[in-house]
Protein chains: 2
Amino acid sequence: MLTKKQLDLLEFIQKRVKRDGVPPSFDEMKTALNLRSKSGIHRLITALEERGFIRRLAHRARAIEIVRLPESLGGEPTTGFVPRVIRGDRPASIPANADPVTIQAVELPVMGRIAAGVPIEAISQVSHQVAVPAQMLSSSGEHYALEVKGDSMIDAGINDGDVVVIRETSVADSGDIVVALVKDHEATLKRLMRRGSAIALEAANPAYETRVYPQEQVKVQGRLVGLIRTY
Amino acid sequence: MLTKKQLDLLEFIQKRVKRDGVPPSFDEMKTALNLRSKSGIHRLITALEERGFIRRLAHRARAIEIVRLPESLGGEPTTGFVPRVIRGDRPASIPANADPVTIQAVELPVMGRIAAGVPIEAISQVSHQVAVPAQMLSSSGEHYALEVKGDSMIDAGINDGDVVVIRETSVADSGDIVVALVKDHEATLKRLMRRGSAIALEAANPAYETRVYPQEQVKVQGRLVGLIRTY
DNA sequence: TGACCAATGTTGACCAAGAAGCAACTGGAT
DNA sequence: ATCCAGTTGCTTCTTGGTCAACATTGGTCA
C-alpha cells in the first residue's frame, strides 16, 4: 500500500509521537529524511492521508495524527481494526477479527435527543448506534452521540434530526459548541461564550435569545466534535 | 477461486510485504513471475482484486493491500459469506448479511472538492477515505464522497469543509440536492428544481443566483444522501 | 472437428505518479 | 509586524501503471 519513502516517513512520525507526544513539523521531517525541501514532505504526507494512514488538519502546525499502521510497523494485521472507544451498554471490546477489511470507524451509542431545554433525562439511554469515522474522534476520550431536535442551531449548520458527536469533557473554550447542563436541570446544545466570570449560551438562530448564567450554574458535559446527517 | 498464476502472484506479494513492508511494483512482480511484460501482471492484479483478495488504489504506485489469503497460504477459511467488501474504489453495495457485531460502516473515497463552478476535473481523484455509517447508504447503488468548498449551500446546513456523501444516479426529483454537471463543464452541488422543461439550480444562499438551464445542459451525476462534518 | 472462450504471454506506446529541488506565498501566532 | 509552519507552483528526472492489439494454449460443447 505504501512506497518505501511513505513508509519511512510514517515510521518517523510514529517514533516522534511516541517519544515527544507531538508530531514532527515539516522541517523536522525534511531533515529526518535527508531532504532539502519541505515540499517533498508535503507530497508524502498527502499520499499517506490519501491512503488512510494519517489524518490531518490542513494549514495547521503539526496537525498530524496516525490513524493506523501497516503490519510491518506493528499495526494490526489487516483483519484487525483500530480499537477505539465503544461505550454504552455493549461489550467493551471490538471483535478482534471482525472483518477482512480495515474500517476506520467506530460505533457510538446515540444517547437520546437534545435541543434547547430538553430535560436531562433525555440524554441517558441508548436509542441506537451510529457508526462514525474514526477521524472524527480524538484518540483519547469518551464519545457519544445525540440526535438534534429543533432548529436552535441552524445558523451553525446543525439541523433538526442531525446526529451530533460529542466528546465528553468538562472544559471548553469560548466559542465552542457544547452540551451544557444548566442548573442541573436541562441539557442544551449551544455555543458557549465566556463573559467575564459569567457564561453565555448562544443559540445559532436569531429567534432564540442568548442566556447568560453565573459560572456555577453551567456545567459543560461535552464538546461538539462531529456531525452526521442522513437525507 | 484462484488460478495458479494468481495464487503465485498473491504469494509473492505477501512475501514481499512481509519482508520489506512495501508491496512490490509491477516491474518487480513481472520479474518474479518471469514475465516479459507488466501487462500480464496488470491482469492478474485485476483478477485478484475482483476476487476480493487484495484492495488497491488505481493509478498509485505500490498501492496494493492484501485483504485475505486463500487457505492454501494459511488464510483463515472464510466464514462463508462474501466479504463485506469495502473497496476503496466505490463499493458496489452494502453487504446484505453483515455480521451483527461488525461495525456498520463503509469506507468511501473522497473524490475531491465541489462548489459552485468547480471544474469537473476536481471530482476525479481520490484525496482520502472516509468511513460513513452504513445506514446512510442505499442498499444498492454506488456512492462516493466530496468535500464541500464554499458557502453556497449554508442555508441548507451544508458548510465549507463538510464532506457530502453522494449516491450516483442520473435521476433526481425536484427539490433534491444533487451534483449536477452543467454544459459538460462544471460540477456543482445545488438544489434541483424542475421548471417545466427547464431545470433550475438553486443555491441555498441568497448571495448566489438561481440559474436556469434547458434540460439538455444539465446532467445529474448524483444525489446528496449524507453529510459528515468534523469540528 | 471446428467454434468459442478463458487464461495467459508479449510488445510497445503512453501517461501518471513518485521523488527532489527552489522559490514564492499565506495564514497563525506572538 | 515578523516569524514560522505549511502550501503551492514549477521544473526535472525516474519509476510505475494502463491499455490496445495480437498470439498461444487448453478446455467445453454442439
Side-chain angles (χ1 to χ4, degrees), chain A residues 1-13 16-17 20 22-51 53-65 173-175, chain B residues 1-13 16-17 20-51 53-65 88-89 109 111-113 119 121-122 124-128 147 149 160-161:
Chain A
M1 197 55 153
L2 293 176
T3 66
K4 186 78 179 74
K5 282 288 168 191
Q6 291 161 5
L7 187 68
D8 287 348
L9 180 58
L10 186 58
E11 191 176 359
F12 173 70
I13 296 172
R16 272 317 203 64
V17 171
D20 305 342
V22 174
S25 73
F26 275 43
D27 262 303
E28 288 164 353
M29 293 186 261
K30 180 198 76 183
T31 307
L33 297 208
N34 276 310
L35 300 189
R36 248 165 282 187
S37 160
K38 285 181 295 185
S39 65
I41 298 297
H42 188 257
R43 268 187 306 260
L44 291 172
I45 290 289
T46 306
L48 285 175
E49 187 180 14
E50 177 181 303
R51 287 161 176 72
F53 288 88
I54 60 172
R55 77 184 172 104
R56 60 191 304 255
L57 263 54
H59 299 280
R60 289 292 185 287
R62 296 168 193 260
I64 299 172
E65 187 175 2
D173 295 332
S174 197
Chain B
M1 190 61 157
L2 290 177
T3 66
K4 183 78 178 71
K5 281 290 166 190
Q6 290 162 4
L7 188 67
D8 287 348
L9 180 58
L10 187 59
E11 192 177 358
F12 173 70
I13 296 173
R16 272 316 204 66
V17 171
D20 304 340
V22 172
S25 72
F26 277 42
D27 258 305
E28 290 164 352
M29 294 186 260
K30 178 199 76 182
T31 307
L33 298 207
N34 277 309
L35 299 188
R36 246 165 279 189
S37 159
K38 287 180 291 186
S39 63
I41 299 296
H42 189 258
R43 256 188 315 226
L44 292 174
I45 289 289
T46 307
L48 284 176
E49 187 182 13
E50 217 174 67
R51 289 165 176 69
F53 288 88
I54 62 173
R55 194 155 74 112
R56 63 189 303 254
L57 259 52
H59 299 283
R60 289 293 185 285
R62 297 167 193 259
I64 300 172
E65 188 174 12
D89 227 342
M111 303 299 287
R113 308 218 282 173
E121 296 80 54
S124 57
Q125 61 185 85
V126 180
S127 77
H128 59 285
E147 191 182 330
K149 182 167 170 46
D160 191 27

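Protein chains get the first letters and strands the later ones, always in sequence-line order, with residue 1 at the start of each. Basis for what follows: all heavy atoms, side chains included, without hydrogens, waters or symmetry-related copies. From a predicted model like this one, the values you see are computed outputs, not experimental measurements.
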Protein-to-nucleotide contact annotation, 5' to 3' order, nucleotides 19-27 of chain C [B base; S sugar-phosphate only; - none; under 4.0 Å, heavy atom] = BBBB-----

ask   = Side-chain contact, heavy-atom cut-off 4.5 Å: B/Glu28 with B/Val22?
value = no

inquiry  = When you compare the side chain of A/Gln6 with that of A/Glu50, does any pair of heavy atoms fall below 4.5 Å?
reply    = no

key: Contact boundaries on DNA chain D for chain B, cut-off under 4.0 Å to non-hydrogen atoms   = D/dG16 to D/dA20

note = As its Watson-Crick or G-U partner within any shown strand, both distances under 3.5 Å, C/dT1 has D/dA30

Separation of atom [atom1] in [X] from atom [atom2] in [N], rounded to whole Å:
X	N	atom1	atom2	value
A/Leu48	C/dG18	CG	P	11 Å
B/Ile41	C/dG9	CD1	P	9 Å
B/His42	C/dA13	NE2	C1'	15 Å
B/Phe26	C/dA17	CZ	P	14 Å
B/Lys30	C/dT8	NZ	P	19 Å

Upstream residue (5' side of DNA chain D) when B/Met29 and A/Asp27 are each assigned their closest nucleotide = A/Asp27

Hey, what do you get for [atom1] ([X]) to [atom2] ([Y]), rounding to the nearest 0.5 Å?
X	Y	atom1	atom2	answer
B/Lys38	B/Thr31	NZ	OG1	10.5 Å
A/Ile41	A/Leu33	CD1	CG	4.5 Å
A/Met1	B/Arg55	CE	CZ	5.0 Å
B/Phe26	B/Leu35	CZ	CG	12.0 Å
B/Ser25	A/Lys4	OG	NZ	14.5 Å

task = Please say which of B/Thr46, B/Ile45, B/Leu44 ends up in a side chain to side chain contact (heavy atoms under 4.5 Å, CB included) with B/His42.
result = B/Thr46

